[in-house]
Amino acid sequence: WIWLGAYNGLYRFDGQEYMPVKFPEKMEASQVSVLYESKGRLWVGFNNGSIAFLSDVNSGIPLSTGNFEEDLRRAPSLTLWAPEEGLPGASIKGILEDKTGALWISTYGEGLYVWKENRLYQYNVEDDALAGNDIYAMAIDGSGRIWGATDGGISICSMPEKGKKLVQNLTTANGLPDEIITAISTDNQGNIWGGSNEKGVFRYNTTIKKVDIITP
């Protein structure tokens with residue numbers, strides 16, 4: 001299936017028909033901002049900070065009848081995620097699961113969260129010296145560390161043991177071409193590629209631990 005996050009909800013597309021998926025009953029409708037699938041579970045982040053999920057993307061949703069009104073009536077609902085610590089109040093920009101099973105959540109306004117061993121922890125500027133609370137994108141490196149692209153450079157975050165938050169920041173002093181990093185991704189060799197606001201694309205070589213490519 002192709003899953004589509006839209007202004008008014010979530011849709012499954014089979015190549016011919018769009019099948020809607022309902023919002024949870026207790027959740028205010030909001031624009032979908034990110035989709036992430038892991039181990040058959042589809043996580044859905046929203047602009048209002050809510051997070052919901054489908055437990056099994058391969059079952060539980062009927063095939064489309066071709067009639068939108070009928071499909072909407074028959075459509076299942078997402079399940080609202082409700083950790084004890086509460087959900088973010090800022091737009092969800094990214095969701096990633098690391099090799100330990102911890103779930104990382106980036107936001108635009110409240111920094112980074114991680115759900116680890118049934119507890120939600122927050123990384124932010126004020127308490128953890130994060131480079132910025134507005135995180136545009138996330139990537140994960142070969143060591144399982146999370147790289148967050150912010151207005152103040154890149155923050156590399158990890159939690160090697162429960163409750164121990166580690167943050168390393170990269171800025172122009174470390175070779176980044178621009179303070180504002182708007183996109184980030186990991187390549188097959190484990191290097192980090194980033195897109196900047198005004199000064200193009202660059203690569204951070206994780207072997208030699210420095211930026212070794214910057215576009216003209």
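Side-chain rings of W104 and Y123 approach one another, their centers coming within less than 6.0 Å. W147 has its ring centre less than 6.0 Å from the ring centre of Y204. Between W43 and F53, the distance from one ring center to the other falls under 6.0 angstrom.
Distance check: I180 CD1 to N197 CG gives 4.5 Å after rounding to the nearest 0.5 Å.
Within the structure, side chain to side chain donor-acceptor pair (under 3.5 Å) contacts touching residues 77-91 (residues at least two apart or in different chains) are N47-S91. Under the salt bridge (charged side-chain N to carboxylate O under 4.0 Å, His left out) criterion, the residue pairs touching residues 117-135 are D128-K165, with sequence neighbours excluded.
Enclosure of atom OH in Y18 is not indicated, since only 12 or fewer non-hydrogen atoms of other residues, nucleotides or ligands lie within 6.0 angstrom.
In the hydrophobic clustering of ILVMFWY residues, with side-chain heavy atoms under 4.5 Å counting as a link, Y108 and V125 come out apart. Both L170 and I184 are part of a single hydrophobic cluster, where members link through side-chain heavy atoms under 4.5 Å apart.
Taking F23 as the reference, F46 meet the ring pair (Phe, Tyr, Trp, His ring centres under 6.0 Å) condition, with sequence neighbours excluded.
Ion pairing between R12 and E17 fails under the 4.0 Å rule for side-chain N and carboxylate O. Electrostatic pairing of R203 and D212 counts as a salt bridge here, judged by a charged N lying under 4.0 Å from a carboxylate O.
A donor atom on one side chain and an acceptor atom on the other are found under 3.5 Å apart for S64 and D71. Neither side chain, T65 nor E70, offers a donor N or O lying under 3.5 Å from an acceptor on the other.
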Could you walk me through whether I135 and T107 satisfy the side chain to side chain contact (heavy atoms under 4.5 Å, CB included) test, starting with their C-alpha distance in whole Å, then the side-chain angles of each, then the deciding distance to 0.1 Å, before giving a yes or no? CA-CA 6 Å; I135 300 179; T107 73; 5.9 Å; no
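Formation of a donor-acceptor pair under 3.5 Å by the D151 side chain with backbone atoms of E179 is not found in this model.
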